[in-house]
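First the structure, in the form of structure tokens, and then the observations on it.
Here is the naming used below: chain letters follow the sequence lines, and residue numbers restart at 1 for every chain.
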2 protein chains.
Amino acid sequence: MQDSQTSETTQKTIEETIVSGILSAKIRPGTRLSENQLATLFSVSRTRVREAMMRLETRGIVHVSPRRGWFVVEPSAEEAIAVYEARRVIEAGLLRGMRALTDEGRKALDAHLNEEKSVMAAGDRQRLTYLMGDFHIRIAELSGNAIIVDILRDLTARTILISMLYQSEFHAAQSHDGHCRIFEAMQAGDFVRAAELSVEHLDEVEMGLDLTTRPDPLSELRSSLSLPPKAVPSGPTVRPKKPQLQRSN
Amino acid sequence: MQDSQTSETTQKTIEETIVSGILSAKIRPGTRLSENQLATLFSVSRTRVREAMMRLETRGIVHVSPRRGWFVVEPSAEEAIAVYEARRVIEAGLLRGMRALTDEGRKALDAHLNEEKSVMAAGDRQRLTYLMGDFHIRIAELSGNAIIVDILRDLTARTILISMLYQSEFHAAQSHDGHCRIFEAMQAGDFVRAAELSVEHLDEVEMGLDLTTRPDPLSELRSSLSLPPKAVPSGPTVRPKKPQLQRSN
DNA sequence: CTTTCCTGTCTTGTATGCAAGATAGCCAGA
DNA sequence: TCTGGCTATCTTGCATACAAGACAGGAAAG
């Protein structure tokens with residue numbers, strides 16, 4: 001938008017570089033992000049880097065271990081479940097509320113699915129990872145609601161980190177199929193069906209994870225000794241929580 | 001949570017103080033938040049204050065005008081619409097996905113609604129504003145999904161800022177009624193109905209706004225001169241957007 | 001060989017200093 | 001009276017210096 005400002009551009013660049021690195025699976029969960037290294041890399045002082053890190057932290061993408069360093073988050077199994085649930089809620093709610101698919105929207109999604117197909121054939125896995133996540137963001141963009149787009153972008157980034165941690169093999173064809181079916185329902189104007197398909201699709205992907213694989217081999221020991229978990233989860237929780245939201249398909 | 005750490009507590013305190021100030025309508029949109037004043041107020045250096053501001057900025061709650069100062073956001077009419085739409089999407093999606101209301105959940109909501117009623121009678125408007133927003137957060141908490149709770153908390157804060165800008169009179173009784181109806185549907189186990197009622201409720205509140213009232217009297221002139229808008233909207237938008245999501249009732 | 005402790009180094013945490021833009025108020029000139 | 005410009009002051013932007021915790025590696029003691 002306003003690229004005339006030199007100042008603001010840099011911080012956003014650091015943030016967006018890291019986010020897009022995650023979105024295309026170039027940055028793994030747990031990656032250390034040294035303030036000094038990033039500072040020299042972007043030719044700025046640590047101050048600016050820190051600001052970017054703080055922002056990314058509130059977006060749930062990085063995490064700081066006090067006086068040890070910044071790390072790309074490694075979502076726990078519980079967090080993984082929460083992320084998928086949040087996506088189901090938002091994406092289903094979004095599709096269900098849609099009324100029509102414009103011509104440009106149809107074209108954009110069609111082009112996207114074609115690219116998915118060709119990149120899948122070409123075997124460019126990083127690009128494919130990016131596209132697979134981006135499909136959902138593109139749907140959000142159709143709604144024209146920037147708030148939802150931003151939320152889903154961050155959730156998608158976390159989803160990709162989750163895949164890198166818990167996904168043994170990448171069923172790209174299956175995902176692509178799911179996307180196509182959602183698109184078909186949308187084209188048919190059946191957004192209720194599209195919402196259902198979206199939930200099913202996310203379920204499929206989630207089911208493809210092995211959430212028993214612990215990214216932190218010490219976590220079991222840690223919890224049995226009732227030590228604090230290694231990562232600060234998300235934002236502050238004010239009241240105690242009693243979980244029980246269920247699948248809606 | 002982890003109150004043992006002195007360090008981390010302070011930043012969160014600044015952030016949460018401001019957010020809860022907004023949630024209870026004690027802080028108006030457009031309020032200037034001077035780094036120096038906050039620093040002396042919380043007995044920390046500007047550095048910490050800045051970090052809190054950066055976080056609040058990514059949460060869409062404050063906004064910085066370069067070298068002029070930090071301000072609590074004054075959502076434009078377009079942003080206001082987007083916020084309500086996002087809330088409809090998320091809250092409806094959430095309720096629709098719920099399966100059962102636990103006993104504690106029922107009690108919590110019941111107690112909440114009772115407090116709404118008594119505070120409404122007592123006429124404590126700030127507390128009432130807080131409660132009216134908090135009802136929706138409490139529903140999110142029933143899902144046990146911390147991600148959704150955080151998202152809705154921030155959206156609720158923005159909603160309250162929007163009310164302060166565009167709401168001529170506060171139809172508290174109507175809102176309370178809406179809450180009660182949602183609760184009844186939930187108790188009856190009819191979450192589809194609860195979702196519909198939630199959308200209707202948000203529609204009602206949104207309809208009660210006068211979105212033609214410009215908070216910035218110069219905005220019309222500004223736009224006719226095609227100057228940039230006075231506030232940086234939300235996060236970065238990567239692709240151009242074509243708006244058209246519609247009401248779902 | 002094992003254990004313990006110590007110290008050097010690397011990390012973030014925090015404060016502070018200075019730069020630079022924005023603004024308001026005043027003063028001078030017409 | 002009105003207009004233009006200058007300056008004093010207040011704001012954030014950014015870099016840097018130093019504090020302090022974490023950790024690794026080695027030396028010394030058993």
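When the P atom of C/dC18 is taken as reference, atom CZ of B/Arg46 falls 14 Å away, rounded to whole Å. Between A/Glu51 atom CD and C/dT14 atom P the separation is 15 Å, expressed in whole Å. Rounding to whole angstrom units, CD of residue A/Glu35 and P of C/dT14 are separated by 12 Å. The CG-P distance, from A/Leu33 to C/dT12, rounds to 9 Å in whole Å. Distance A/Leu38 CG to C/dT11 P: 12 Å, rounded to the nearest Å.
Remark: B/Glu115 engages B/Arg127 in a salt bridge (charged side-chain N to carboxylate O under 4.0 Å, His left out) (not counting sequence neighbours). Residues satisfying the side chain to side chain donor-acceptor pair (under 3.5 Å) test with B/His112, not counting sequence neighbours, are B/Glu116. With sequence neighbours left out, B/Thr40 forms a side chain to side chain donor-acceptor pair (under 3.5 Å) with no residue at all. Residues passing the side chain to side chain donor-acceptor pair (under 3.5 Å) test with B/Ser198, sequence neighbours excluded: none.
B/Gln126 and B/Thr129 share no side-chain donor-acceptor pair at under 3.5 Å.
Pairs passing the salt bridge (Lys or Arg N to Asp or Glu O under 4.0 Å) check and including a residue from residues 18-33 of chain B, sequence neighbours excluded, do not occur.
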Could you go over nucleotides 7-10 of chain C and give all protein N or O partners under 3.5 Å, atom names and distances?
none

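Put simply, B/Arg68 has a side-chain N or O that comes within less than 4.0 Å of OP1 or OP2 on C/dT23. Residue B/Ser45 has a polar side-chain atom (N or O) positioned under 4.0 Å from OP1 or OP2 of C/dA15.
Distances from the side chain of B/Arg48 to the nucleotides C/dT11, C/dA15, D/dT11 place C/dA15 closest.
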